[in-house]
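Input: a single structure, listed below in structure tokens.
Just so it is clear: chains get the letters A, B, ... in the order the sequence lines come, proteins before strands, and each one is counted from 1.
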Amino acid sequence: VVHYTTLMSVLQRAGRWEQAMEAFEKMEAAGVVADVQAYNVAITACAKGLDWEKAWAVFAAMRRAGVEPSIISYNALVSACERCGQADRALEVVRNMRRKGLTPNAVSYNTLISAFGKAGRYQEAVRLHQLMGEAGVPDDVFTLSSLIRASEKGGRWRQAKLHFDDFQQRGVAPNTVAYNALISALGSSGRWQMALEVFQAMREDLHPSVAPDIVTYGSLIAALERGGQWHRALEVYDQMQAEGWKANGYIITSLLNACEKGGQWEKARELFGVMQNLGMDMD
RNA sequence: UGGCCUAUAGA
């Protein structure tokens with residue numbers, strides 16, 4: 001069982017969720033009895049495949065087999081709902097969890113907050129955060145990035161910044177993802193100057209867990225593109241390369257859009273060449 | 001500490 005579960009875990013993390021499910025079926029066909037962890041990985045694989053119904057089916061099969069779902073099983077099911085845009089169903093799963101005597105933990109709350117944020121239901125996301133505190137479950141950096149993302153949906157860049165500052169003041173140190181989310185939220189609202197400021201603050205942050213990554217640059221370049229700042233976008237691109245980062249599809253597309261808006265056809269042509277060297281499709 | 005759950009970028 002451990003070998004199968006390890007294999008499934010690796011496949012699912014590599015995005016090969018279909019193969020992970022095949023391994024699960026092969027395991028059962030081979031007469032190996034699945035344990036909780038094996039079921040949990042299977043549910044996660046379904047979640048990655050954006051198939052909450054299949055996740056639900058695996059969960060039901062687990063119960064039928066007499067295997068007690070753990071809090072992780074429930075959380076994995078909540079995650080499946082979250083990924084499929086089923087916020088209300090996610091909440092229902094957490095209610096079922098409580099009914100079984102399991103207490104929702106930080107992962108449960110964070111996933112719910114993310115689900116409501118993705119659904120554009122900011123107020124409910126904030127309400128869940130409040131309930132989390134009342135339940136004595138400490139919020140963390142996952143909560144923070146989920147709340148920032150929830151703010152971004154409705155163009156609430158001020159709220160995004162407030163969440164960021166609030167967490168920081170309470171001693172929850174932002175990490176790379178939290179900074180990235182904030183840069184993205186500011187960019188969506190057209191606040192490219194502030195996005196640049198946050199990027200600067202990020203570089204000055206002493207914590208080792210806040211090093212800019214490829215998503216940071218993607219978010220910042222997108223923010224500049226939206227603001228019509230093609231020249232600054234290209235500057236950031238140069239800086240990124242100087243630090244050893246290789247462009248990906250997100251970056252190139254944003255830069256192409258930026259150049260197009262600015263009428264920079266020469267630059268766009270260069271980027272086209274880069275894209276082809278990277279073996280990307282040009283659609 | 002051999003296997004399981006949550007957050008961030010473009011079109």
Can you tell me which nucleotide in [options] comes closest to the side chain of [X]?
{"X": "A/Ser184", "options": "B/rC5, B/rU8, B/rA7", "answer": "B/rU8"}
{"X": "A/Val177", "options": "B/rC5, B/rU8, B/rA11", "answer": "B/rU8"}
{"X": "A/Phe142", "options": "B/rC5, B/rU8, B/rA7", "answer": "B/rA7"}
{"X": "A/Thr44", "options": "B/rC4, B/rU8, B/rG10", "answer": "B/rC4"}

Look at [X] and [N] and indicate whether a side-chain polar atom (N or O) is within less than 4.0 Å of OP1 or OP2.
{"X": "A/Arg83", "N": "B/rU6", "result": "yes"}
{"X": "A/Arg149", "N": "B/rU8", "result": "yes"}
{"X": "A/Lys118", "N": "B/rU8", "result": "yes"}
{"X": "A/Arg226", "N": "B/rA9", "result": "no"}

With sugar-phosphate meaning primed atoms plus P, OP1 and OP2, does [X] contact a base, only sugar-phosphate, or nothing at under 4.0 Å between heavy atoms?
{"X": "A/Asn175", "value": "base"}
{"X": "A/Thr253", "value": "base"}
{"X": "A/Asn105", "value": "nothing"}
{"X": "A/Ser254", "value": "sugar-phosphate"}
{"X": "A/Val215", "value": "base"}
{"X": "A/Thr6", "value": "sugar-phosphate"}
{"X": "A/Val36", "value": "nothing"}

Give the rounded distance in Å between these two atoms: [atom1] of [X] and [atom2] of [N].
{"X": "A/His3", "N": "B/rG3", "atom1": "NE2", "atom2": "P", "answer": "12 Å"}
{"X": "A/Arg13", "N": "B/rC5", "atom1": "CZ", "atom2": "C1'", "answer": "11 Å"}
{"X": "A/Glu152", "N": "B/rA9", "atom1": "CD", "atom2": "C1'", "answer": "9 Å"}
{"X": "A/Ile113", "N": "B/rA7", "atom1": "CD1", "atom2": "P", "answer": "12 Å"}
{"X": "A/Asp213", "N": "B/rA7", "atom1": "CG", "atom2": "P", "answer": "15 Å"}
{"X": "A/Ile214", "N": "B/rG10", "atom1": "CD1", "atom2": "C1'", "answer": "12 Å"}
{"X": "A/Met8", "N": "B/rG2", "atom1": "CE", "atom2": "C1'", "answer": "17 Å"}
{"X": "A/Glu225", "N": "B/rA9", "atom1": "CD", "atom2": "P", "answer": "15 Å"}

| Are the aromatic ring centres of A/His207 and A/Tyr179 under 6.0 angstrom apart? |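 Judged by ring-centre distance (under 6.0 Å), A/His207 and A/Tyr179 do not meet the cut-off.
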| said: Looking only at the aromatic ring of each residue, does the gap between the centers of A/Tyr39 and A/Phe24 stay below 6.0 angstrom? | reply: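 Yes: the rings meet the under 6.0 Å criterion.
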| query | If you count the non-hydrogen atoms of other residues, nucleotides and ligands that lie under 6.0 Å from NZ in A/Lys267, is the total more than 12? | reply |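 Open.
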| task | Show your working on side chain to side chain donor-acceptor pair (under 3.5 Å) between A/Thr44 and A/Gln12 and close with a plain yes or no. | result | CA-CA 8 Å; A/Thr44 303; A/Gln12 163 260 306; 5.2 Å; no
| query | Checking only heavy atoms, does the side chain of A/Ser145 share a donor-acceptor pair with the base of B/rA7 at less than 3.5 Å? | reply |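 Yes.
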| said: Using only modelled atom types and a 3.5 angstrom limit, is any donor from either the side chain of A/Asn248 or the base of B/rG10 paired with an acceptor on the other? | reply: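 For A/Asn248, whose side chain was compared with the base of B/rG10, there is no donor-acceptor pair (under 3.5 Å).
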| said: Would A/Tyr250 count as stacking on B/rG10 if stacking means ring centres less than 5.5 angstrom apart and planes tilted under 30 degrees? | reply: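 It does not: the two rings, one from A/Tyr250 and one from B/rG10, miss the stacking criterion.
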| query | In terms of ring plane angle, is the pair A/Trp245 and A/Tyr217 parallel, tilted or perpendicular, where the classes change at 30° and 60°? | reply |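 Correct class here is tilted.
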| Salt bridge or not for A/Arg89 and A/Glu92, using N-O below 4.0 Å? |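 Judged by the 4.0 Å cut-off on N to carboxylate O distance, A/Arg89 and A/Glu92 do not form a salt bridge.
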